[in-house]
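Take a look at the structure below.
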Amino acid sequence: MALGELLQRLTRFDRYLILCLSLLVGVSFLLPFGRQAGARLIVEADNRTVFSAPLDTPRQFAVEGPLGMTRMEVRNGAVRVLHSPCPQKICIGLGEARRAGDLLACVPNRIVVRIEGDVEGAAYDLLSR
Amino acid sequence: MFNRPLIPILLILLVALLFWLRQPAGESMVSRTALVMGTLVEIKAYGEDRAQLEETIDTAFNEMVRLEQLFSSHLPESEISRLSAATGSFAVSRETAVLLELGIEMARLSDGAFDLGLGRLKDLWDIGGENPQIPGEQSLRRALHGAGPAALQLEGLQVRKQAPDLHIDLGGIAKGYIIDRAAELLLQAGVSSAAVNAGGDIRLLGDRQGQDWRIGIQHPRESDATMATLNLRNRAVVTSGDYERFFVRDGIRYHHLFDPQNGRPARGCQSVTVVAADAASADALATAAFVLGPRAGLDLLEQLPDVEGLLVTADGRRLATAGIESALEWH
């Protein structure tokens, strides 16, 4: 049966229904690619989650590790270490974490910050450095 | 039924929708981090059984901690510390022997640019430590005594050092070996899609849900930027750069990648990224190519089978091996 012949047998209502459902299926395929990346930060101290917050709300907070308090700041959709009691301050030099999958860590003070969200929005899955 | 084709068309749409909705339910991703080997290690694994993934990742982390206690030169009771302290022939475990054998082979392939015997040199500079310093010529010569491609002889599990006071440092290879072991454990447990990332040294298992893993490569001079993306599956990626651990004195950057010929930081490159089948080889080759400099470093990577790489020269030029072009996007 030719396609043209098939279509001629459809009523106007049928065609509208098929069009609407096709659009619905099409949109459902595209939905996951439009999700927001990097929605939340998770802070772990000594391998335990101690703090979690959305990345879109500016704030400062501090987390205690074995060396003392590590102070962090959330601003402009990113988190960074402001102050750390560790000797080398490498964690401050790491800069900002803003994309899903980004990680910050203060190894001497045993603090880890990671960004959780949908990785489809991120430019990469893992960073080699 | 086909006289009015609405129903078959609706059925086709329904099947398409159900097929799509089934996809995310099939696999879940578990991501866990832990501090091991003085660095942040992240394991991401995909699979259908979330509880089993969690358990397998725990096993992998435990294995990494066990191997760290074997290979660390900072732990006085580790096998490597006891080998450094030994004055005669010393028996090591099978795992240490395998790693030393690979290290000796890398030293040979790189004409000594990769060196397992730089323990005293690294202690002397103390880069990344509390008292970094620029040693004098005599101190450097003393620290390099006994180092070189022939520094260690391995016969079975027996190791003999060329000089009794030689201190072994596996910093340029052990991290890669340990993440390889973690990846092997994941694979043995039936995980076919995973990534083990130890502070930027990465071992990939399979793909990421049917797609390549996208590996961002750190820009050596812009801490918040990447310079390239590599699209890879089932590979290891390791980057060595002069920005990882360093101090600056009188405008000169002193970093942790030393040239064994003179005991000073190698000056030819800003960073080297190596892609190989295993992370231990990639780790050692990234250090070796960095020390050799752009021309000899790239030649080394080109001549080895199944090895590719990117290199940023000291003046900022970007070079790549021919075989990596299809996986590479420069930024």
Side-chain angles (χ1 to χ4, degrees), chain A residues 1 3 5-11 13-15 17-18 20-26 28-29 31-32 42 44-47 49 78 80 87-88 90-91 93-114 116 119-120 122-129, chain B residues 2-6 8-10 13-14 16-17 20-21 23-24 29 31-35 37-40 42 44 61 128-130 132 195 197 199-202 204 208 211-220 222-224 226 228-230 237-239 241 243-245 247 271 273 275 331:
Chain A
M1 185 182 291
L3 185 64
E5 200 179 327
L6 256 177
L7 290 175
Q8 277 182 356
R9 293 190 185 180
L10 293 171
T11 65
F13 174 78
D14 290 348
R15 286 178 194 163
L17 187 63
I18 289 166
C20 288
L21 286 173
S22 302
L23 282 173
L24 204 64
V25 172
S28 79
F29 273 70
L31 264 179
I42 311 289
E44 293 174 2
D46 220 4
N47 295 333
T49 300
R80 67 189 175 114
Q88 295 294 312
I90 291 169
C91 50
L94 288 173
E96 295 179 340
R98 65 170 63 244
R99 291 170 290 238
D102 277 359
L103 294 164
L104 292 178
C106 178
V107 175
N109 209 22
R110 303 193 67 77
I111 288 171
V112 175
V113 182
R114 70 169 192 271
E116 284 197 347
V119 294
E120 293 294 350
Y124 52 80
D125 305 310
L126 300 156
L127 180 64
S128 180
R129 61 203 300 180
Chain B
F2 284 95
N3 286 337
R4 189 152 183 262
L6 176 64
I9 291 174
L10 289 181
L13 285 172
L14 185 67
L17 192 60
W20 174 247
L21 289 174
Q23 297 293 315
M29 192 270 279
S31 171
R32 296 263 305 279
T33 52
L35 295 170
M37 304 178 284
T39 194
L40 180 63
E42 181 187 32
K44 287 182 181 180
F61 275 134
E130 290 188 15
N197 178 5
D201 293 0
I202 296 165
L204 306 171
R208 185 182 60 84
Q211 301 191 331
D212 290 339
W213 293 90
R214 297 163 304 171
I215 310 300
I217 307 300
Q218 174 70 49
H219 192 294
E222 295 172 31
S223 63
D224 285 335
T226 52
T229 303
L230 289 170
V237 187
V238 176
T239 299
Y243 51 86
E244 293 174 273
R245 273 176 282 152
F247 65 92
S271 74
T273 298
V275 179
H331 299 168

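In the text below, chain A, chain B and the rest are named by the order of the sequence lines, each starting its count at 1. Below, each value reflects all heavy atoms present in this structure, side chains not excepted, and no hydrogens, waters or symmetry copies.
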For this session: For the pair B:Ser271 and B:Gln218, evaluate side-chain hydrogen bond (donor to acceptor under 3.5 Å, both in side chains) and give the outcome as yes or no after the intermediate values.
Result: CA-CA 9 Å; B:Ser271 74; B:Gln218 174 70 49; over 6 Å; no
Seminar exercise, completed: Applying a strict 4.5 Å limit to non-hydrogen atoms, the region of B:Thr39 in contact with chain A is backbone
For this session: Measure distances from A:Leu94 to the heavy atoms of chain B and classify the residue's part below 4.5 Å as side chain, backbone, both or neither.
Result: backbone
Exercise. Checking heavy atoms, do the side chain of A:Ile42, its backbone, both or neither come under 4.5 Å from chain B?
Worked result: neither
For this session: Using side-chain hydrogen bond (donor to acceptor under 3.5 Å, both in side chains) as the criterion, list what pairs up with A:Glu44, not counting sequence neighbours.
Result: A:Arg114, B:Thr33
For this session: Let me know if B:Phe247 has heavy atoms under 4.5 Å from chain A in its side chain, its backbone, both or neither.
Result: neither
For this session: Look at the side chain of B:Lys44 and the backbone N and O of A:Asp125, then say whether any donor-acceptor pair between them is shorter than 3.5 Å.
Result: yes
Exercise. Given that the side chain runs from C-beta out, which part of B:Leu204 has a heavy atom under 4.5 Å from chain A: side chain, backbone, both or neither?
Worked result: side chain
Exercise. Does the A:Asp102 side chain pair with the main chain of A:Arg99, one donor and one acceptor, at a distance under 3.5 Å?
Worked result: yes
Problem set entry | Partner set under side-chain hydrogen bond (donor to acceptor under 3.5 Å, both in side chains) for B:Thr239, not counting sequence neighbours | A:Ser128, B:Thr273
Exercise. Chain A heavy atoms under 4.5 Å from B:Ile217: which part of the residue, side chain, backbone, both or neither?
Worked result: both
